[in-house]
Structure formats: C-alpha cells, structure tokens
Amino acid sequence: MDEWLRNLIVKKWKIKALEFSFLDALLAVCITGTGVMLRLAVNDYTPMDGQKQAGLLLELFLIIVCAVIVHDYTGSRNKAFLTYAILAIYPTLVANGALWGQNSSQYAFPLFLGLCILERGERLRGAVALVVGAILAAVRLKLSAATLNLGWPNLYEIIGKSMFVELYNQVALLCLLGILFTIAYVFVKKRIALTRDLILRLFLFLALLLPYLAPSMPASAGFTADIAALLYCMRWPRKFYVPMLHLIVSYSSYAYVINGETKLPMVLYAVILLALLADTGIEIYKEIIKIQRSD
C-alpha cells in the first residue's frame with residue numbers, strides 16, 4: 001500500500017505539452033474548491049439566474065486563460081499555478097460575479113483570450129477576440145447621461161463633476177476612439193514592433209486609461225485592469241505594487257456602491273489610479289526606446 005501511494009505521488013501524466021503530477025492535480029482541486037466555497041458563501045446576495053451562472057462559469061475559463069498567459073510569458077509552472085490560485089480567491093472576482101452578479105467575466109474572457117492569442121503571434125485572430133471583448137465591454141459599461149460617475153474613481157473625482165459634463169457626455173466615445181486611433185497611428189508611423197512585452201504593457205495601460213477618462217463608469221469598470229495588473233506583476237515581479245494598489249481602489253469602489261461609504265475619500269483613489277497610469281506609461285516609453293535601439 002505504501003509503495004502504491006509513493007508511486008501515485010511521484011507519477012506524472014502528460015497531455016500534449018502539459019505535464020503534471022498527482023500533487024499538481026490535488027493542488028488544483030484544492031484551489032478550485034476554495035474558490036467555489038468562497039463564492040457559495042456570498043452567492044445568495046443576488047438572485048441566481050442564467051446570466052449569473054454563465055458569468056460564474058466564464059470566470060473559471062478566464063482564470064485558466066490567465067494562468068496560460070503567465071506560463072507563456074514566464075515559462076514558470078509555479079507562477080502559472082500561483083496566478084490560478086490568486087485569481088480563484090481574488091476579492092474583486094468573487095464580489096463581481098458571485099456577490100454582486102455583475103458578470104464582467106462575459107467581456108473580460110474574450111479580452112484575455114485575445115491577449116493570449118495575440119502574444120502567441122496570431123495577430124488577426126487575437127485582434128478579432130479583442131474587438132469582440134471591447135464591444136461587449138462597451139455594452140456593459142455603457143455611458144449614462146444622468147451622472148458623471150457611478151462608483152469608479154476616475155479623473156472627474158479630481159477635476160470636479162460639473163466641468164463640461166453635458167458636452168463631454170455627448171462626445172466621450174469619440175474622444176476615446178480618437179485616443180486609440182492616435183496611439184495606433186503613432187505605432188504605425190514610427191514602425192514600432194509589437195513585442196510580447198509591449199503588448200502586455202499596452203493591454204494594462206489601456207485597461208487603466210479607458211475607464212479613467214470615460215464618464216459614468218460603474219464600480220466594476222476596473223475589473224479588466226485588476227486581472228491585467230496581476231499578470232503584469234507576474235511578468236515583472238518588481239511591479240508588485242501595481243496589482244496591490246489597483247485591488248485596493250477596485251474593492252473600495254465596490255464598497256462605495258454596496259455600502260454607500262469608503263474608508264478614504266474617492267479623490268485619493270483617483271490620484272492612485274493616475275499614478276499607476278503614469279508608471280505604466282513610463283514603462284511603455286522605456287520599452288519602445290529599447291525596441292528602437294535593437295532595430
């Protein structure tokens with residue numbers, strides 16, 4: 001019996017390029033079980049319907065895709081497992097799907113699937129998945145003419161919510177599209193090669209930038225950046241403060257909507273996001289300079 005147990009523990013299975021042991025499988029089951037129990041504990045807060053069930057199922061696939069992305073970038077099985085484990089119990093994922101029923105995974109999944117495909121060099125299919133995810137995100141996070149902010153601490157917490165409100169609400173989408181097209185034009189004009197590292201940096205930067213500039217953003221607007229910041233940290237561990245700070249901001253925005261209050265003023269969270277934007281933007285600039293020097 002002891003010999004059988006020893007053989008079971010050290011035995012390895014292989015599915016195509018994926019190799020795993022009994023302990024790996026046991027760890028994955030335990031992590032998944034912990035994530036499920038956390039969601040069951042808060043699941044009754046909102047009604048369970050078909051859309052919520054689909055959102056919770058997509059969360060699982062989203063977490064798996066993110067673990068694959070980290071493995072692609074780092075080549076580390078341990079970091080991929082760690083990513084899976086963290087996202088399984090990530091407070092904002094649990095709050096977004098099981099507690100609040102926002103189902104942001106329905107648009108986040110195609111976004112991160114597109115990132116996974118794109119960084120593997122399949123540009124066309126990756127771009128299509130990203131566009132699908134962006135359209136779904138625009139539908140979910142649609143602009144509202146009634147108020148400038150619905151819980152997300154964006155730029156208007158700093159400059160005030162009465163400046164150019166009516167005008168900007170009418171042209172916000174055009175302004176954001178203008179920013180995206182300008183970024184694309186600069187990359188084409190300067191012939192900047194989209195390396196895998198630059199793709200990940202840009203993905204996080206845009207996930208931070210768009211909800212920061214768009215008016216009427218709900219508290220769940222930082223969902224994509226929450227996850228992207230963790231992947232960013234796994235690729236560059238010295239940037240550990242990026243997911244930590246963004247998670248604090250994101251979870252505080254949920255508390256603001258659900259409980260009607262936060263421990264700190266919302267304007268402080270908006271300043272933190274601005275600092276993260278600046279930090280990520282500087283890293284993109286450094287990456288571009290490095291690419292140009294290597295050409």
Side-chain angles (χ1 to χ4, degrees), residues 16-18 50-51 53-74 80 83-84 87 93 96-97 102-143 172-214 217 220-232 234-235 280 284 287-288 291:
K16 293 185 178 180
L18 177 64
Q51 189 176 23
Q53 290 174 344
L56 291 173
L57 180 61
L58 275 177
E59 271 186 22
L60 175 61
F61 291 114
L62 171 62
I63 293 170
I64 293 172
V65 167
C66 290
V68 171
I69 292 172
V70 168
H71 187 270
D72 286 348
Y73 269 97
T74 65
T83 301
Y84 182 86
L87 289 178
L93 262 72
N96 185 284
Q102 289 295 294
N103 305 314
S104 296
S105 58
Q106 292 178 356
Y107 67 78
F109 175 71
L111 284 175
F112 284 95
L113 181 62
L115 173 62
C116 182
I117 296 172
L118 194 64
E119 59 89 9
R120 291 183 172 198
E122 300 182 41
R123 298 296 171 85
L124 180 58
R125 281 192 282 183
V128 170
L130 287 172
V131 169
V132 170
I135 293 172
L136 292 174
V139 173
R140 292 286 300 176
L141 306 175
K142 61 183 178 180
L143 301 176
L173 283 177
L174 293 177
C175 289
L176 292 174
L177 285 173
I179 292 172
L180 293 176
F181 281 126
T182 301
I183 293 174
Y185 173 79
V186 170
F187 272 77
V188 173
K189 185 72 173 178
K190 298 292 185 179
R191 295 182 179 178
I192 300 170
L194 280 176
T195 62
R196 296 172 73 241
D197 285 347
L198 186 56
I199 288 171
L200 182 56
R201 293 187 192 277
L202 279 172
F203 188 89
L204 174 60
F205 182 75
L206 292 176
L208 290 167
L209 179 69
L210 296 181
Y212 195 72
L213 295 183
M217 286 290 98
S220 58
F223 185 83
T224 302
D226 258 345
I227 303 171
L230 179 63
L231 307 188
Y232 183 77
M234 289 296 175
R235 175 65 183 89
T280 309
I284 289 174
E287 185 74 23
I288 291 174
I291 292 171

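FYI, the numbering just counts along the sequence from 1. Values reported hereafter were calculated over all heavy atoms of this structure, with side chains retained and with hydrogens, waters and symmetry mates removed. It should be emphasised that the depicted structure is a prediction, and the values quoted were computed from it without experimental measurement.
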Roughly how far, to the nearest 0.5 Å, is the [atom2] atom of [Y] from the [atom1] atom of [X]?
| X | Y | atom1 | atom2 | value |
| --- | --- | --- | --- | --- |
| Ile227 | Ile63 | CD1 | CD1 | 8.0 Å |
| Asn96 | Ser104 | CG | OG | 3.5 Å |
| Phe205 | Tyr232 | CZ | OH | 11.0 Å |
| Thr195 | Ile291 | OG1 | CD1 | 3.5 Å |
| Leu87 | Ile64 | CG | CD1 | 11.5 Å |

_ring pair (Phe, Tyr, Trp, His ring centres under 6.0 Å) partners of Phe223, counting only residues at least two apart_ =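 Result, ring pair (Phe, Tyr, Trp, His ring centres under 6.0 Å) vs Phe223: none returned.
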
_Applying ring pair (Phe, Tyr, Trp, His ring centres under 6.0 Å), can you list everything that pairs with Phe109, at least two apart in sequence or on another chain?_
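Testing Phe109 for ring pair (Phe, Tyr, Trp, His ring centres under 6.0 Å), a comparison that skips the adjacent residues, returns none.
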
Listed partners of [X] passing side chain to side chain donor-acceptor pair (under 3.5 Å), at least two apart:
| X | value |
| --- | --- |
| Asp197 | Arg235 |
| Arg196 | Glu119 |
| Tyr84 | Thr32 |

*Which pairs with one or both residues in residues 54-66 pass salt bridge (Lys or Arg N to Asp or Glu O under 4.0 Å), sequence neighbours excluded?*
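For residues 54-66: Arg39-Glu59.
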
*Tell me, please, which residues at least two apart from Leu194 pass side chain to side chain contact (heavy atoms under 4.5 Å, CB included).*
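Per chain and number, Leu194 pairs via side chain to side chain contact (heavy atoms under 4.5 Å, CB included) with Arg123, Phe187, Leu198, Ile199, Leu202.
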
*Who passes side chain to side chain contact (heavy atoms under 4.5 Å, CB included) against Leu210, sequence neighbours left out?*
Leu176, Leu180

*How would you list, by chain and number, every residue that makes a salt bridge (charged side-chain N to carboxylate O under 4.0 Å, His left out) with Glu287, sequence neighbours excluded?*
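Glu287 satisfies salt bridge (charged side-chain N to carboxylate O under 4.0 Å, His left out) with Arg201, Lys290 only.
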
*Sequence neighbours left out, what passes salt bridge (charged side-chain N to carboxylate O under 4.0 Å, His left out) with Arg125? Give chain and number order.*
Glu122

*Got a sec, which pairs hit side-chain hydrogen bond (donor to acceptor under 3.5 Å, both in side chains) with one end in residues 221-230, sequence neighbours left out?*
Thr92-Asp226, Asp226-His246, Asp226-Ser250

*With sequence neighbours excluded, give me every side-chain hydrogen bond (donor to acceptor under 3.5 Å, both in side chains) pair touching residues 128-137.*
none

*For Ala225 against Leu204, the heavy-atom pair lying closest together*: O-CD1, 4.0 Å

*Go through Phe112 and Phe203 one step at a time and tell me if the ring-ring contact (aromatic ring centres under 6.0 Å, His included) criterion holds.*
CA-CA 9 Å; Phe112 284 95; Phe203 188 89; 5.1 Å; yes

*Between Leu200 and Met234, is a side chain to side chain contact (heavy atoms under 4.5 Å, CB included) present by the stated rule, with each step listed?*
CA-CA 11 Å; Leu200 182 56; Met234 289 296 175; over 6 Å; no

